[in-house]
Chemist: 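This is the structure, below, for whatever I ask next.
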Amino acid sequence: MANLATPALLNTLKGTYPAGGPSTSAYPGALSNPWALITAVTFSAAHVPEAVPVVFEHALAELQEEQKAKGVSGDDALAEQLVLARKIRESILQSGLLSGVPRTINSLIALNEVMPENLKETKPLRDSSKHMSEIEKNGEKLFRSMYRETADSVQNLLDSAYPDLGWWCNTIGYGVTYGGTDVLTQVESSYAIVAALIAVDAPRQVGWHLANARHGGASLEEARAVRRIAMQVAELAGVRWKNGVPDVEP
């Protein structure tokens, strides 16, 4: 199913996102257009791992063309390419919390097969020496930053369903998975989460995290574009939604 990711489709998806909007300009190191991140995650979560390397190679080729036009070369060019590679890898890893680790494994293995040697990692980016209490604190901080005024109600819902679920989501989800590195900005993590949730048909959580994308700085237009990109890719991959996909609240 790698043939789903045609150049025409990928160019259309790129044009869907309003590049240079507030969620990208507000964060140093953010991708100016995160279409590739959203697309790669959706293919991964929809169980089309063979399309993930196609998306990356297309995005990398475009970046290299832009660098050539701007006269960016050497270490500076490599640094920009490494940012792209890391963001796609990290977004797929984070999405595995929602779509399942086997799909993340398959996608990252497929991606690694086309990854240039100088863009591969040689050691974990997460700090394994952090104490659990620090991870819990960081997880709660990120959770509250994403959920804002709904943080307490969502946390109480998780805790009441099963106290270990509340702890696990806060500590492992937000402390280790989403907040374990600084590779993605907060809003980029929200985009990856939304893309995965759309692919696995989880409408309640889609609504939560579209709102969280807005909390992270995404404009209404940007959040709607993320939803459109993920829906288009997921539908091509064969995903069907029982009760539709929630829209972004204005």
Side-chain angles (χ1 to χ4, degrees), residues 13-45 55 59 63 80 82-99 125-126 138-151 154 169-170 173-200 202 204-234 245-250:
L13 297 174
K14 180 181 179 181
T16 300
Y17 189 87
S23 75
T24 55
S25 59
Y27 291 97
L31 295 177
S32 61
N33 186 332
W35 75 271
L37 180 158
I38 301 158
T39 303
V41 167
T42 309
F43 273 128
S44 175
V55 174
L63 175 59
E80 291 181 354
L82 184 57
V83 166
L84 174 65
R86 281 181 169 168
K87 284 184 183 290
I88 291 184
R89 280 193 294 260
E90 180 64 22
S91 64
I92 292 171
L93 176 64
Q94 292 188 14
S95 73
L97 195 65
L98 307 165
S99 62
L125 299 180
R126 284 165 173 76
N138 292 342
E140 181 179 5
K141 181 179 179 181
L142 179 57
F143 182 87
R144 291 189 173 277
S145 180
M146 282 193 176
Y147 280 90
R148 300 284 182 87
E149 68 276 2
T150 63
V154 173
C169 287
N170 200 307
Y174 288 84
V176 176
T177 307
Y178 303 140
T181 74
D182 60 0
V183 173
L184 301 183
T185 67
Q186 178 179 317
V187 75
E188 286 172 339
S189 286
S190 289
Y191 288 172
I193 292 169
V194 167
L197 290 170
I198 287 175
V200 300
R204 172 187 285 179
Q205 290 76 17
V206 169
W208 288 354
H209 288 282
L210 283 171
N212 290 349
R214 299 295 311 279
H215 294 158
S219 68
L220 181 61
E221 185 182 15
E222 287 175 324
R224 284 177 172 167
V226 173
R227 177 180 177 273
R228 284 196 299 271
I229 291 170
M231 287 184 67
Q232 185 171 353
V233 174
V245 179
D247 206 342
V248 189
E249 293 292 335

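As a basis for the values below, the full set of heavy atoms in this structure was taken, side chains included, without hydrogen atoms, waters or symmetry mates.
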Chemist: Return the minimal non-hydrogen interatomic distance between E188 and V183, and the atom names on each side.
Modeler: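 Minimum heavy-atom contact is OE1-O, 4.2 Å.
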Chemist: Who passes side chain to side chain donor-acceptor pair (under 3.5 Å) against Y174, sequence neighbours left out?
Modeler: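 If we apply the side chain to side chain donor-acceptor pair (under 3.5 Å) test to Y174, skipping adjacent residues, the hits are Y147.
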Chemist: Who passes side-chain contact (heavy atoms from CB on, under 4.5 Å) against S219, sequence neighbours left out?
Modeler: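 S219 satisfies side-chain contact (heavy atoms from CB on, under 4.5 Å) with P22, E221, E222 once adjacent residues are dropped.
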Chemist: List in chain and number order the residues that pass salt bridge (Lys or Arg N to Asp or Glu O under 4.0 Å) with R148, two or more places apart in sequence or in another chain; answer none if no residue qualifies.
Modeler: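 Here no residue qualifies.
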Chemist: Please lay out, stage by stage, how L197 and W208 fare under the test side chain to side chain contact (heavy atoms under 4.5 Å, CB included).
Modeler: CA-CA 10 Å; L197 290 170; W208 288 354; over 6 Å; no
Chemist: Can you list the residues that meet the side chain to side chain donor-acceptor pair (under 3.5 Å) rule with S189, with sequence neighbours excluded?
Modeler: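 With sequence neighbours excluded, S189 shows a side chain to side chain donor-acceptor pair (under 3.5 Å) to Q94, given in chain and number order.
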Chemist: Who are the salt bridge (Lys or Arg N to Asp or Glu O under 4.0 Å) partners of R214, not counting sequence neighbours?
Modeler: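 Residues passing salt bridge (Lys or Arg N to Asp or Glu O under 4.0 Å) with R214: none at all.
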Chemist: So, do F143 and V154 sit near enough that their side-chain heavy atoms are less than 4.5 Å apart?
Modeler: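 F143 vs V154: side chains touch.
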Chemist: Tell me every residue that passes side-chain contact (heavy atoms from CB on, under 4.5 Å) with A40, counting only those two or more places apart in sequence or in another chain.
Modeler: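 Listed in chain order: V52, V55, I88, I92.
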Chemist: Do R228 and R224 pass the side chain to side chain contact (heavy atoms under 4.5 Å, CB included) test, and can you show the C-alpha distance, the side-chain angles, and the key distance before you say yes or no?
Modeler: CA-CA 6 Å; R228 284 196 299 271; R224 284 177 172 167; 3.8 Å; yes
Chemist: Between A234 and I198, what is the shortest heavy-atom contact and its length?
Modeler: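 Taking every non-hydrogen atom into account, CB-CG2, 4.4 Å.
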Chemist: Of all the heavy-atom pairs spanning T185 and K87, show the shortest one and how long it is.
Modeler: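 Minimum heavy-atom contact is N-NZ, 4.3 Å.
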Chemist: Under the side-chain contact (heavy atoms from CB on, under 4.5 Å) rule, collect the residues that match up with A192, sequence neighbours excluded.
Modeler: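 L37, V41, S91.
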Chemist: Run the side-chain contact (heavy atoms from CB on, under 4.5 Å) test against S190 and tell me which residues pass, sequence neighbours left out.
Modeler: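 Checked S190 against side-chain contact (heavy atoms from CB on, under 4.5 Å); matches are M146, N212, A213.
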Chemist: Who passes side chain to side chain donor-acceptor pair (under 3.5 Å) against R89, sequence neighbours left out?
Modeler: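 E121.
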Chemist: Measure across A230 and I38 and return the closest heavy-atom pair with its distance rounded to 0.1 Å.
Modeler: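 That closest heavy-atom pairing would be N-CG2, 4.2 Å.
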Chemist: Taking it one step at a time, do L184 and Y191 satisfy side chain to side chain contact (heavy atoms under 4.5 Å, CB included)?
Modeler: CA-CA 10 Å; L184 301 183; Y191 288 172; over 6 Å; no
Chemist: Write down the atom of A151, the atom of R144, and the distance for their closest heavy-atom approach.
Modeler: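 So the minimum-distance heavy-atom pair works out to CB-NH1, 3.8 Å.
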Chemist: Assess the residue pair L210 and E249 against the criterion (side chain to side chain contact (heavy atoms under 4.5 Å, CB included)); give the C-alpha distance rounded to whole Å, side-chain angles, the decisive distance to 0.1 Å, and a yes or no.
Modeler: CA-CA 8 Å; L210 283 171; E249 293 292 335; over 6 Å; no
Chemist: Mind checking what makes side chain to side chain donor-acceptor pair (under 3.5 Å) contact with S44, not counting sequence neighbours?
Modeler: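 With sequence neighbours excluded, S44 shows a side chain to side chain donor-acceptor pair (under 3.5 Å) to S107, given in chain and number order.
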Chemist: Are any non-hydrogen side-chain atoms of T42 and I229 less than 4.5 angstrom apart?
Modeler: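 Side-chain contact under 4.5 Å: no.
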Chemist: When you look at CD of E149, are more than 12 heavy atoms from neighbouring residues, nucleotides or ligands closer to it than 6.0 Å?
Modeler: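 It does: E149 CD has more than 12 such atoms within range.
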Chemist: Where is the tightest heavy-atom contact between Y17 and P34, given as atom of each residue plus distance?
Modeler: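 Minimum heavy-atom separation between Y17 and P34: CE2-CD, 3.3 Å.
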Chemist: Donor-acceptor pair, N33 side chain versus K14 backbone, under 3.5 Å?
Modeler: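 Here the side-chain-to-backbone pair exists.
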